[in-house]
Amino acid sequence: MELSVLNIQGKDSGKKVVLSDEIFGIEPNEHVVWLDVKQFLANQRQGTHKAKERAEVARSTRKLKRQKGTGGARAGSMKSPLFKGGGRIFGPVPRDYSFKLNKKVKSLARQSAFASKAQAGEVSILENFSMEAPKTKGFLAILNALSLTETKTLMILPEDNQNIYLSGRNLPKTKIVSAAQVNTYDLVNATRLVIVEDAVAKIESSFSK
């Protein structure tokens, strides 16, 4: 797949980039994408929720009424889940939601996410650029030139660039990551994928390891 390289003014620079068919041209596997996204979201959960059960609430254990002759059910401790303020039945307890996925599954999931974006025409290649200082206004001008100010955008840089990252950090619909940091969830969550020119080779080499 061959794409034109755009400059920061949103114009065609005249250069072309060929995306590898081994990554961007495969048949996307939706199930492994779902698994990888599920794992990512599960790993974000703190799992610190807790409700007190019968043995943990501080209430009287005095028998409330006599066993027989009241016409009602037998009742003992006020800790019973049947009473207001009693313990909770099978309440949430602290737990770890994370689970394991094989490296090859995660790799295929990322490939599938890249392929889905490329085949849907949602990938743009941007000419290499730099910023002398963190300027949100300057970064916003680049997005405006690409008509992406109102689009959920993921920008992939060849490597960490603090000035570019800080320039786009406050924009709610834009996320900036390096080629080494990109994950399946970010790819699926974005409406548009903007890959900086030199990042293409970094992405392709990451799958050859």
Problem set entry | Result of checking V194, L143, T191 against T151 for side chain to side chain contact (heavy atoms under 4.5 Å, CB included) |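 Testing T151 for a side chain to side chain contact (heavy atoms under 4.5 Å, CB included) against V194, L143, T191 leaves exactly one candidate, T191.
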
For this session: State which residue, out of V18, V17, V5, fulfils the side chain to side chain contact (heavy atoms under 4.5 Å, CB included) condition with V200.
Result: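 Exactly one pass, corresponding to V17.
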
Exercise. Do you see a donor-acceptor pair shorter than 3.5 Å between the side chains of S4 and K15?
Worked result: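 The answer is no; no qualifying pair exists.
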
Exercise. Going from CG on L154 to CZ on R192, what distance comes out if it is rounded to the nearest 0.5 angstrom?
Worked result: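 Reported to 0.5 Å precision, the distance equals 12.5 Å.
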
Exercise. Is the side chain of N102 donor-acceptor paired with the backbone N or O of V105 at a distance under 3.5 Å, no angle test?
Worked result: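 No, the answer is negative, given that no donor and acceptor are paired below the 3.5 Å cut-off.
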
Out of curiosity, does [Y] fall in the hydrophobic cluster containing [X] (side-chain heavy atoms, cut-off under 4.5 Å, transitive links)?
X: I26; Y: F24; result: no
X: V123; Y: M155; result: no
X: L171; Y: L126; result: yes
X: M131; Y: V196; result: yes

For this session: Look at atom OH of Y165 and say whether more than 12 heavy atoms of other residues, nucleotides or ligands are closer to it than 6.0 Å.
Result: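 Count not over threshold, so no.
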
Exercise. Is atom NZ of K11 surrounded by more than 12 heavy atoms (other residues, nucleotides or ligands) closer than 6.0 Å?
Worked result: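 At most 12 heavy atoms, drawn from other residues, nucleotides or ligands, come within 6.0 Å of this atom.
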
Exercise. Does the cation-pi check pass for R95 over Y97, that is, NZ or CZ under 6.0 Å from the six-membered ring centre and within 45° of its axis?
Worked result: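 So R95 does make the cation-pi contact.
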
For this session: Check whether any side-chain heavy atom of E197 lies under 4.5 Å from a side-chain heavy atom of S13, and answer yes or no.
Result: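 They are not in side-chain contact.
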
